[in-house]
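Report on the structure given below.
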Amino acid sequence: MSRAVLSLRDVTKTYGDVGALRGVTLDVTAGELVAVVGPSGSGKSTMLNIVGTLDRPTDGTVTIAGNDVATMSDDALSLLRAEHIGFVFQHFHLQAGATAAENVADGLLYAGTGRRERHRRAVHALGRVGLGHRVGHLPNQLSGGEKQRVAIARAIVGDPTILLADEPTGALDSASGAAILALLRELNDAGTTVLVITHDLELAASLPRRVRMRDGLVEDDSAAAHADGPRAAPVTAAALAAAIGGGR
């Protein structure tokens, strides 16, 4: 039986009088490739922050790689992120004056890895994303797609249990976006569990599991309908748009 690497139970998050999450329950097992999709204000970004341990829930239980985050100190959570969670963001967040290898090596700073080993693993990670020939290049010498590949290399350099990709194709043209999605699929095929948070219905429809959010709740989970059968097949973007109300 596949083990859950991420588990949320009745998770809520409130900001003043606003309920950003209103009782989310979700399990993600090792090796899954999941799209979390929903319109602005649906709660998907709040869930990303909580899954990534960047924020704590108001109530409910969050378990990452067997660790109950509610019982952990801030230092322990930092170590958990370093060992188990990789982040990819829409706008790359690369240091302008650092080379590709230096940017990737920064992903190991909180793991206590020595400088020489950080560089070795950074070069290896860049090779995995097809940028072995760009190791010494600065961000302003890279295309948008290459910058996102550097960001992905930084996210995977520590061999995380879960890769969280927040709108990973949102700042890219269609060709570069397709290449990044193909890379995420390759990483998933190699064993990395990947969650893609997106409002892009076409991207979400192409992935094997889709968790649709609205108003702080999981409105639909394609895995639920196939819990005792084969993995859900991709759907069309039009069908997903109709289900989600046009994505608005």
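Excluded from the calculations below are hydrogen atoms, water molecules and symmetry mates; all remaining heavy atoms, backbone and side chain alike, are included.
Taken together through direct or relayed side-chain contacts under 4.5 Å among Ile, Leu, Val, Met, Phe, Trp and Tyr, Val37 and Leu217 form parts of separate hydrophobic clusters.
Pairing each heavy atom of Ala105 with each of Ala122, the nearest pair is N-CB, 3.7 Å. Of all heavy-atom pairs spanning Ala98 and Pro139, the tightest one is O-CD, 3.1 Å. Of all non-hydrogen atoms in Leu21 and Gly43, the two that sit nearest each other are CD2-O, 3.4 Å.
One N or O on the side chain of Gln148 and one on the backbone of Phe89 form a donor-acceptor pair closer than 3.5 Å. The backbone N or O of Asp215 lies less than 3.5 Å from a partner atom in the side chain of Arg22, making a donor-acceptor pair. Of the possible donor and acceptor atoms, one in the side chain of Asn188 sits under 3.5 Å from a partner among the backbone N and O of Glu32. At distances below 3.5 Å, at least one donor-acceptor pair connects side-chain atoms of Glu167 with backbone N or O atoms of His199. Side-chain atoms of Thr58 come within 3.5 Å of backbone N or O of Thr14 as a donor-acceptor pair.
Within the 4.5 Å cutoff, side-chain heavy atoms of Leu131 are placed close to those of Glu146. In this structure, the side chains of Leu181 and Ser206 come closer than 4.5 Å at one or more pairs of heavy atoms. Looking at heavy atoms from C-beta onward, Ile162 lies out of side-chain contact with Val28 at the 4.5 angstrom threshold. Put simply, the side chain of Leu109 reaches to within 4.5 Å of the side chain of Arg118, judged on heavy atoms. A heavy-atom distance below 4.5 Å is not found between the side chains of Val218 and Thr25. In this structure, the side chains of Leu184 and Ile152 come closer than 4.5 Å at one or more pairs of heavy atoms. A heavy-atom distance below 4.5 Å is found between the side chains of Met47 and Leu26.
Of the residues Arg212, Arg210, Arg209, the one that meets the salt bridge (charged side-chain N to carboxylate O under 4.0 Å, His left out) test with Asp221 is Arg209.
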